[in-house]
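Notes follow the structure.
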Number of protein chains: 2
Amino acid sequence: MGTTQLETVPEPKYWHLKTVLAEALDSEFTVGEILPNERELAARFGVARATLRQALEQLELEGRLQRRRGVGTTVAPPRMGVSVGSAQDRWPGAAGDDWEAADSALSVPPASVARLLGTETDETVHTVRRSRVTGGHPVAAELLYVPGGSVPELAAVDVAAGPARARGVLRELHALGLESEDQTVELGSARADEAKQLDRLPGAPVLVVTTRYFAHGRTAAVSVATYRADTCRLTFGDSGGVRIHEDQERQAS
Amino acid sequence: MGTTQLETVPEPKYWHLKTVLAEALDSEFTVGEILPNERELAARFGVARATLRQALEQLELEGRLQRRRGVGTTVAPPRMGVSVGSAQDRWPGAAGDDWEAADSALSVPPASVARLLGTETDETVHTVRRSRVTGGHPVAAELLYVPGGSVPELAAVDVAAGPARARGVLRELHALGLESEDQTVELGSARADEAKQLDRLPGAPVLVVTTRYFAHGRTAAVSVATYRADTCRLTFGDSGGVRIHEDQERQAS
DNA sequence: CAGTGGTCTAGACCACTAC
DNA sequence: TAGTGGTCTAGACCACTGA
């Protein structure tokens, strides 16, 4: 049988399209430049808009594109390196970090957090909301959970409201003398409230960094920070003790 | 005008659907159980299959579902905790790790890797491919780049092929006495070759862990490891020095 | 207001798995 | 071969942005 078709791997259209677009981005576009709109691009490549969108979604996931409803699709800058490692001065409440305390309240943490804290599943803890801003852009939203037992002196600040109260919790926690930490990273998707803080749509991919802070041999606090996965590259260790993030790297294919 | 519609936030269908399904997964399904097929689920919820799929994709991204073509959609187990932190015995070539050396060759690394290594962009380096298997499942595919200058003794093993050669490179690297490391994590999508190693489709979301290994004050090697984002939770530090992964956590919404 | 990306539909066919 | 998820189409309408 004259099977001239030896193409055993009919590559999906959107995959090929993604490759073509990625090359075009490297060679023909500059950071910040606006691409033609989706209907136009789809027509130009002879595919349905849904197919074109599948390719764009991949490129956005890889941090190469940024799409904003009502505006358009732009070429994204290289990902920012954001330090989440064990640098001493990154501990909650330390001066000079990029975090801004938003507010604070007493609430019952999710069961997974309660397990890490070692508290009962219905026990309320101090909950601090913070936002991290780097280079003028929001990169992370954090919920910091501090059991009452970790900060016994906190009654004095308990009357203050909002940001002031949040700073009070952080100050007490810092005064505790944190000894070490312990982190995990996993992929998640932004809840509605996180999405708003991060200036993204709900469901946007985020890197969830869960940190346990230890003091006096116990778990003193747990932080759950969600970082924008499209714009951030998390950096750990900085073991040489010298380098901070550089913001100049470019991911290779 | 009788505007009884004060619903200012018409939540997208797929978003609501995802929430409903997530609750059903918690209460009515057990790990490993097979869900009804997509056409059936779509009919049951009164939506188009594309919309249903959008919800399933989100749940798969969050590690709650696993979908396999030709088979079906199953309820995924909680993510595995995999250690990628600075435990000494995780260094390349150490005994007892989960890595299996696949093969090795001389090749020109991507520009981004060459920059980290401090080599010329057209300079060849030893390149070792490894796979990491945990609990019987493939979790990561790694490319380890070792400049010739880091392992001058390597000529002796240069004749061996495949896995033997790979192990030779690792042995020499280990003998070098690595001092510290430096890591970054970012979101990526699996290339075709990585996807095959990870038993996923191309484009599947992965966590890319880039590690720089230092010896004698220089960058001795660079590793680029891609972890399955759906099944893995990366753990760093283990600062207490006691805990290994537990595999029993469950992510809260 | 016009133009953008985001959501949704109702189909079709393909690639793969397992029986 | 039957049944699954994966890809693709050609439309439609909606939510948002900025002039």
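The sequence lines fix the lettering, A, B, ..., with proteins before strands; numbering per chain opens at 1.
- Salt bridge A:Glu100/A:Arg130: absent, no basic N to carboxylate O contact under 4.0 Å.
- The distance from atom CG of B:Leu65 to atom P of D:dG6 is 11 Å, rounded to the nearest whole Å.
- In this structure, CD of A:Glu11 is placed 15 Å from C1' of D:dC8, rounded to the nearest angstrom.
- With hydrogens and angles disregarded, no donor-acceptor distance shorter than 3.5 Å links the side chain of B:Arg212 to the backbone of B:Gln183.
- OP1 or OP2 of C:dT4 has not a single side-chain nitrogen or oxygen of A:Thr73 nearer than 4.0 Å.
- Regarding contacts with the backbone of C:dT4, a side-chain N or O of A:Asn37 is found under 4.0 angstrom from either OP1 or OP2.
- The A:Arg39 side chain lies nearest to D:dC13 when the options are C:dC13, D:dT7, D:dC13.
- Rounded to an integer number of Å, the gap from A:Leu201 CG to D:dC14 P is 18 Å.
- Between A:Leu65 and the options A:Leu21, A:Leu59, A:Thr74, A:Asp230, a side-chain contact (heavy atoms from CB on, under 4.5 Å) holds for only A:Leu59.
- The pair A:Arg132-A:Glu142 does not meet the salt-bridge criterion, since no charged nitrogen lies less than 4.0 angstrom from a carboxylate oxygen.
- Residues that satisfy the side chain to side chain donor-acceptor pair (under 3.5 Å) test with A:Glu57, not counting sequence neighbours, are absent from this structure.
- The separation between B:Leu41 atom CG and D:dG6 atom P is 13 Å, rounded to whole Å.
- Look at CD on B:Glu38: it is 11 Å from P on D:dT7, rounded to the nearest Å.
- For A:Tyr14, counting side-chain heavy atoms from C-beta on, the closest listed nucleotide (D:dC8, C:dT4, D:dG6) is D:dC8.
- When the nearest nucleotides of DNA chain C are assigned to A:Val71 and B:Lys13 by heavy-atom distance, the more 5′-ward of the two goes with A:Val71.
- The salt bridge (charged side-chain N to carboxylate O under 4.0 Å, His left out) check on B:Glu60 picks up B:Arg67, B:Arg200, with sequence neighbours excluded.
- Rounded to an integer number of Å, the gap from A:Lys196 NZ to D:dA15 C1' is 14 Å.
- Distance CG (B:Leu35) to P (D:dT4): 12 Å, rounded to an integer number of Å.
- Checking D:dT7, D:dG6, C:dG5 against the side-chain heavy atoms of A:Arg69 singles out C:dG5 as nearest.
- Within residues 47-57 of chain B, the residues having any heavy atom under 4.0 Å from DNA chain D are, by residue number, B:Arg49, B:Arg53.
- A 4.5 Å side-chain heavy-atom check between A:Arg79 and B:Thr184 finds every atom pair outside the cut-off.
- Protein atom CH2 of A:Trp15 is 17 Å distant from nucleotide atom C1' of C:dA15, rounded to whole Å.
- At the heavy-atom level, A:Arg68 lies under 4.0 Å from the strands shown only through sugar-phosphate atoms.
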